[in-house]
2 protein chains.
Amino acid sequence: MTEIEAVRGEELSQALVGLAHHVLHLFNDIGRGYDLTAQQTELVCAVIVRGRVRMGDLGKIMHLEKSNLSGLVDRAEKRGLIVRARDPKDRRVTWVELTEEGHSVAMRTHGDVTERLRRLVGELPAEDRRSLTTVVERLATA
Amino acid sequence: MTEIEAVRGEELSQALVGLAHHVLHLFNDIGRGYDLTAQQTELVCAVIVRGRVRMGDLGKIMHLEKSNLSGLVDRAEKRGLIVRARDPKDRRVTWVELTEEGHSVAMRTHGDVTERLRRLVGELPAEDRRSLTTVVERLATA
DNA sequence: TATTGTTATACTCTATAACTATA
DNA sequence: TATAGTTATAGAGTATAACAATA
């Protein structure tokens, strides 16, 4: 690796970290308007795009230990945003679903998040946007 | 906006969130090997690439409120990783610097993080990597 | 008056391990 | 035995506001 490539690698690293903060901070910014924490906001957004989700899958999506997720879901349930439902076929499994209020909040927060991301990405030329989509999806599935 | 573009926008949003988690979770994974939390790991990495940093700038870099940063720096200082230094020219300003131990830890964790990011990005074809670099840097400065 | 940073409080989040229930 | 999820505990991180020191 040449020195120039090393420096560019360094720049790319810092830029990726900055981008990551920017993206996850959106849940914070947007959640505040609904008196939700960043994690609660991401929780309802993650549920609404999937309809209902197993606890285990939610943990993977949000990079949370199962015990941490239990607490997060407890608090969201107390707030009336979601409910737990046992799976009748495999009673070890718990599904997370939105309440009516949770659905309403999730619709708006999720709309806000995607709008903000769209605006961020929309500032790019169309060709860059296409390559970003391709690249990010490839990374995300790697 | 066509429906296809809307769906792709949705996919891009989810992929960006997944990528953001992946990137920030690196600080978690790597810090664990040195018995550091993710935030402590990012703290020493942020300091080492800049030599020394003002509290205010650190807050912007790490997306932290000044009060939260005070606590994080307190704990890192207790652990002997960093020290605070008053700026003699503007005594309101506090600079954060690494101790010898902090420098040693930061060298290794920062090396690990950039290596992991390089590996992640390195799985891409050269052309995608170039476009990602360009795009991410443009987003990060926007 | 504005800026930089700290302190105080209450709450949320996180890591770890031990535990229960189901398969 | 393995899997899905909960509980318990201690510590770390976070939001908010009030505060002190300096410019």
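Lettering follows sequence order; numbering is per chain, from 1. Keep in mind it's a predicted model, so treat the numbers as computed, not measured.
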Pair of N/O donor and acceptor under 3.5 Å linking C:dT14 base with B:Thr37 side chain: no
d(B:Leu120 CG, B:Glu115 CD) to nearest 0.5 Å is 11.0 Å
Can you measure A:Asp74 atom CG to D:dT7 atom P for me and round it to whole angstrom units? 6 Å
Does the C:dT14 base have a donor-acceptor partner in the side chain of A:Ser67 within less than 3.5 Å? no
Considering heavy-atom distances to DNA chain D, does A:Val93 or A:Asn28 have its closest nucleotide positioned more toward the 5' end? A:Val93
Look at all strands and tell whether A:Thr94 reaches a base, only sugar-phosphate, or nothing, counting heavy atoms closer than 4.0 Å. sugar-phosphate
Heavy-atom nearest nucleotide on DNA chain D for B:Gln39 versus A:Gly71: which residue maps closer to 5'? A:Gly71
Closer than 4.0 Å, any side-chain N/O of A:Arg86 to the OP1 or OP2 of D:dG5? no
Between D:dA10 atom P and B:Asp35 atom CG, what is the distance in whole Å? 18 Å
Rounded to whole angstrom units, what separation is found between the CG atom of B:Leu64 and the P atom of D:dG13? 9 Å
Less than 4.0 angstrom between a side-chain N/O of A:Arg91 and OP1 or OP2 of C:dA23, yes or no? no
Quick one: is B:Arg84 getting a side-chain N or O under 4.0 Å of the C:dT6 phosphate, OP1 or OP2? yes
Could B:Asp29 and B:Arg116 be called an ion pair, given the rule that one side-chain N must be under 4.0 Å from one carboxylate O? yes
Which residue lies more 5' along DNA chain C, comparing A:Leu72 with B:Arg32 via nearest heavy atoms: A:Leu72
Atom NZ of A:Lys60 to atom P of D:dT3: distance rounded to whole Å? 11 Å
Specify the separation, in whole Å, of atom CE of B:Met55 and atom C1' of C:dT6. 9 Å
Determine yes or no for a side-chain-to-main-chain donor-acceptor pair under 3.5 angstrom, with B:Thr99 supplying the side chain and B:Gly80 the backbone. yes
Looking at B:Arg84 and B:Asp74, is there a salt bridge between them, counting it only when a charged N and a carboxylate O are closer than 4.0 Å? yes
Atom CD of A:Gln40 and atom C1' of D:dA15: how far apart are they, to the nearest Å? 13 Å
Tell me which of B:Ser70 and A:Ala38 sits closer to the 5' end of DNA chain C, going by the nucleotide each one is nearest to. B:Ser70
In whole angstrom, what separates A:Lys66's NZ from C:dC19's P? 14 Å
To the nearest angstrom, how far is A:Leu36 atom CG from C:dT12 atom C1'? 13 Å
Is A:Leu69 touching bases, backbone alone, or none of the nucleic acid, heavy atoms closer than 4.0 Å? nothing
Are any of the side-chain nitrogens in A:Asp87 or A:Lys89 under 4.0 Å away from the carboxylate oxygens of its partner? no
